[in-house]
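If you read the sequence from its start, that first residue is 1, and numbering goes on from there. Hydrogens, waters and symmetry mates play no part in the numbers below; they use all other heavy atoms, side chains included.
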Amino acid sequence: MPAHITAGPDRDSASATPGAIMLGMASLSRCGAAALWMSLFLSMSTSAQTADVKPPILKTVPKELEKHGDRRIDNYFWLRDRSNPEVISYLEAENKYTEAQMGDTKALQEQIYKEIVGRIQEDDTSAPVKHGEYFYFTRTIKGKQYPVYLRRKGANGPEEVLLDGNALAAGQKYFQVGVFSVSPNQKLLAYATDTSGDETFTVHVKDLTTGQLLPDQIKNAYYSVEWAADNKTLFYNVLNESKRPFKVFRHTLGTASDVEVFHEADERFEVAISKTRSQAYLLIDSDSQTTSEVWYLRSDQPAGKFTRLYERIQDVEYQVSDHGGNWYIRTSEGAKTFRLMEAPIAHPEARKEIIPARKDVTLEDVDTYADHLVVTERAQGLLRLLVRRFSDGQEHLVSMPEPDYTLKGGGGFEYDTPILRFNYTSLVTPPSVFDYDMNLRQRTLVKQQAVLGGFKPENYVSERIMGKASDGTLIPISVVSRKGLVKDGSNPCLLYGYGAYGISSDPTFSVERISLLDRGFVYAIAHIRGGGDLGKPWHEAGRMLNKQHTFTDFIAAAQMLIARRYTQPKKLGILGGSAGGLLMGAVVNLRPDLFGAVVAKVPFVDMLSTMMDASLPLTVGEYEEWGNPDDPKYYSYMRTYSPYDNVERQAYPNMLVTAGLNDPRVSYWEPAKWVAKLRTMKKGDNLLLLKTNMGAGHFGASGRYERFKDTAFDYAFLLKALNVGGQTAPK
């Protein structure tokens, strides 16, 4: 169905409500590349700079920063002032320098781009999602950047165009649809657009009967908009000056004055509005990194007041779904790995436990259908779906065909149905949409991403190996390569890592990545602490005063790949974005000799200064992830690993760093300052490039073809930096 994206309270995540269509979000774990001409790379050096092009010289304006008796000098603090024309001039100069240094890869970039496009089904239609009498879906058109949003009445009814993203994006450098929500009677569409990349949206309402826009327009909105049952009332969240979603308003169509219904004063918390699958209740979720609170209101009483379900308790998180007269509550109260409770809606204090906490299983989600309860669990790093029938209590796990995979349940918008829709993928299996009959325990493949160009899954092998961290903890590593790869230490390798906010780096398929694999690359994912890859305790073991585990785990993963002769240091590239970019910065400071190339996407590298500035987006809300530097113990700890503050005079690997001028999550000046400082400190002539998207934000280019070009650029850099040559492997 019509969907909305709810952005998580961190620097990198976006999660969707049930049935959501993820719109316009470029994944930072995207890691593909394509064909390479052998003759081109025979003439390339891994480190030589273009002789007649010099990097920009950035002026220094020393600024003293003092905290707890610790004195730091920041020569590039002045880059924060984007109104200063010298700032824009510097970023543009770096872009020109990067373009010059990558000039000898122009043909390669074009070849990579053509290969990526050659593998996708350019004219394609998404799996239709049933909502009442209608089926909703999107379509991509050859040569067009953005999807078209459509529906049809019944399985074979005529198609109706609801939105054309390409028409809406005309004349814009950036375009994203962040909310797409149809009213309960399906006669009105609320959608939100962002044309700068700063994730500040304007909500529009379209009459689907006449095709005309209503005069109603809501500015400064964020990622959640919900309809009440009356088909004329909208609830939405808005941003404060520091880009924190902090209030929920009620808007009645045709009126000019909206009503504030919720205000979250605690700057650690962010608010979002959603609706239960039954459509009976509107929910306001107020969440910090460790604590949550839910308020509810019957959707057929939009003028009423929201009621708090359970008063917030520090370090207790909970999520709810309704069924009949009961709440089903996934809670961490007394259970780090969460447990499931049941309580009457009329008397929520009368809770009883129906699924207890288990040491090695984390409950990640709960969803209710008319006849079934569906719980998403994570065990041994893998997600699984537990289905329980309400009528007789029978339950079962949905079987999966591969030993290493990822999935997401809760697709679709139907409530009174035995069909569970879920998305499935692995390192070798393209994204697939299944409908699963929860009574018959049978699945039907609805749609699998087409991969052109002769792709055959059997030509690739995925496995999971373990590396041993410095404290003895075993770190899972997902690996994929061409079948028959010889482990002699000569293979190029790309190792991805994130490790923050409890976000899992689950193994997924990438159509772009095929060209790396076909050229002999090994691709690996380090499931390091700080992420949620092994459940909530895994996150706890890599946050706050345990953050160093994230970095040493990643180094251990790299060492394991080398020890098992998948690769060697000069052939090992690493990739991370946002908080994963912090990871990149920390590990190259610690072990620059271990890597041949680094791609750091919008990296959170000036983290100590950012965490000291409560006026910046996300800062206060992230005290529970990194610590509050007002406390000397957290300041001192962050001081030991903040990448910008720990740059040393040493040789660094070849590095490509990206930024977005309009990025509200990691400000452009963080990667810019980092590169400027690295230029003054690094030894040797390895590549150091900064590429800033001057018209986008955290997630890069918004159009699909532009994103493919960005990917082509990134991997041309990797291939050049790692000095990879040779023909593509046989199909």
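Atoms CZ and CZ, from Phe262 and Phe235 in turn, are 13.5 Å apart once rounded to the nearest 0.5 Å. Taking CG of Leu495 as the start and CZ of Phe595 as the end, the distance is 7.5 Å to the nearest 0.5 Å. Expressed to the nearest 0.5 Å, how far CD1 of Ile88 lies from CZ of Arg82 amounts to 6.0 Å. Annotation: the span from Ser470 atom OG to Ile475 atom CD1 amounts to 8.5 Å, rounded to 0.5 Å. Summarising the geometry, atom CG belonging to Asp266 is positioned 13.5 Å from atom CZ belonging to Phe246; distances are rounded to the nearest 0.5 Å.
Residues Trp626 and Phe604 place their aromatic rings such that the two centres sit under 6.0 Å apart.
Contact record, Leu688 with Tyr97: O-CE2, 3.7 Å, taken as the closest heavy-atom pair. The minimum heavy-atom distance linking Leu239 with Ala221 is given by the pair CD1-O, 4.3 Å. Residue Glu226 comes nearest to Ile273 through the heavy atom pair CG-O, 3.8 Å, listed as atom of the first residue, atom of the second, then distance. Shown here for Val53 and Gln101, the closest heavy-atom pair between the two residues is O-NE2, 3.9 Å.
At a cut-off of 3.5 Å, with distance as the only test, no side-chain donor of Ser242 or Glu267 sits close to an acceptor on the other residue. Looking at Tyr501 and Glu622, their side chains do bring a donor and an acceptor atom within 3.5 Å of each other. Side-chain contact annotation: Tyr90 with Glu86, donor-acceptor N/O pair under 3.5 Å absent. Of the N and O atoms on the side chains of Glu512 and Ser510, at least one donor lies less than 3.5 Å from an acceptor on the other residue. Between Tyr498 and Ser578, the side chains place no donor N or O within less than 3.5 Å of an acceptor N or O (distance only, hydrogens not considered). Between the side chains of Thr200 and Lys243, at least one donor-acceptor pair of N or O atoms lies under 3.5 Å. No side-chain donor-acceptor contact under 3.5 Å links His68 and Ser636. Under the 3.5 Å distance criterion, with hydrogens and angles disregarded, no donor-acceptor pair is assigned to the side chains of Tyr623 and Asp630. For the residue pair Asn662 and Tyr668, no side-chain donor N or O sits within less than 3.5 Å of a side-chain acceptor on the partner. Between the side chains of Glu540 and Asn546, no donor-acceptor pair is found at a separation under 3.5 Å. Of the N and O atoms on the side chains of Arg268 and Thr291, not one donor lies less than 3.5 Å from an acceptor on the other residue.
A donor-acceptor distance shorter than 3.5 angstrom exists from the side chain of Thr552 to the backbone of Gln548, with no hydrogens or angles considered. The closest donor-acceptor contact from the side chain of Asn686 to the backbone of Tyr652 lies under 3.5 Å. No donor-acceptor distance shorter than 3.5 angstrom exists from the side chain of Asp194 to the backbone of Gln176, with no hydrogens or angles considered. In terms of modelled atom types and a separation under 3.5 Å, the side chain of His549 and the main chain of Ala541 share a donor-acceptor contact.
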Would you sort out whether Lys720 and Leu687 count as a side-chain contact (heavy atoms from CB on, under 4.5 Å), showing the intermediate values? CA-CA 10 Å; Lys720 174 177 179 174; Leu687 289 167; 4.1 Å; yes
Report the C-alpha distance between Arg80 and Asp613 in whole Å, list the side-chain angles of each, state the deciding distance to 0.1 Å, and finish with yes or no for salt bridge (charged side-chain N to carboxylate O under 4.0 Å, His left out). CA-CA 12 Å; Arg80 290 183 174 216; Asp613 189 344; 2.9 Å; yes
Tell me, with the steps shown, if Glu706 and Lys709 meet salt bridge (charged side-chain N to carboxylate O under 4.0 Å, His left out). CA-CA 5 Å; Glu706 291 304 310; Lys709 289 178 181 177; 3.6 Å; yes
Should Lys408 and Asp506 be marked as a salt bridge (charged side-chain N to carboxylate O under 4.0 Å, His left out) after you check the CA-CA gap, both sets of side-chain angles, and the distance that decides it? CA-CA 11 Å; Lys408 182 170 180 58; Asp506 293 314; over 6 Å; no
So Asp74 and Tyr644, side-chain contact (heavy atoms from CB on, under 4.5 Å) or not? Walk me through it. CA-CA 10 Å; Asp74 188 348; Tyr644 180 67; 2.7 Å; yes
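In this view, Asp593 and Arg591 satisfy the side-chain contact (heavy atoms from CB on, under 4.5 Å) rule, not counting sequence neighbours. Arg72 is linked by a side-chain contact (heavy atoms from CB on, under 4.5 Å) to Leu65, Asp70, Leu608, Ser609, Met612, Tyr635, Arg639, Asp645, counting only residues two or more places apart in sequence or in another chain.
Between Tyr641 and Tyr637, the ring planes are perpendicular. Angles over 60° get that label, and only those under 30° would be called parallel.
Residues Asp285 and Ser292 are not in side-chain contact: their nearest non-hydrogen atoms beyond the backbone lie 4.5 Å or more apart. Taking the side chain as every heavy atom from C-beta outward, Leu583 and Phe551 approach each other to under 4.5 Å. Annotation: side chain of Tyr634 is not in contact with side chain of Pro629 (no heavy-atom distance under 4.5 Å). The shortest side-chain heavy-atom distance between Thr473 and Trp538 falls under the 4.5 Å cut-off.
Atom NZ of Lys173 has 12 or fewer neighbouring heavy atoms from other residues, nucleotides or ligands inside a 6.0 Å radius. Around atom CD of Gln650, more than 12 heavy atoms belonging to other residues, nucleotides or ligands sit under 6.0 Å away. Atom CD of Glu66 sits in a crowded spot, with more than 12 heavy atoms from other residues, nucleotides or ligands closer than 6.0 Å. The number of heavy atoms from other shown groups lying within 6.0 Å of NZ (Lys59) is above 12.
The only member of Lys336, Glu625, Arg529 that meets side chain to side chain donor-acceptor pair (under 3.5 Å) when paired with His539 is Glu625.
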In a table with atom names and distances, give each donor-acceptor pair under 3.5 Å that connects a side chain of residues 689-696 to protein atoms at least two apart or in another chain.
from   : atom 1 : to     : atom 2 : distance (Å)
Asn693 : OD1    : Gly695 : N      : 3.0
Asn693 : OD1    : Ala696 : N      : 3.3

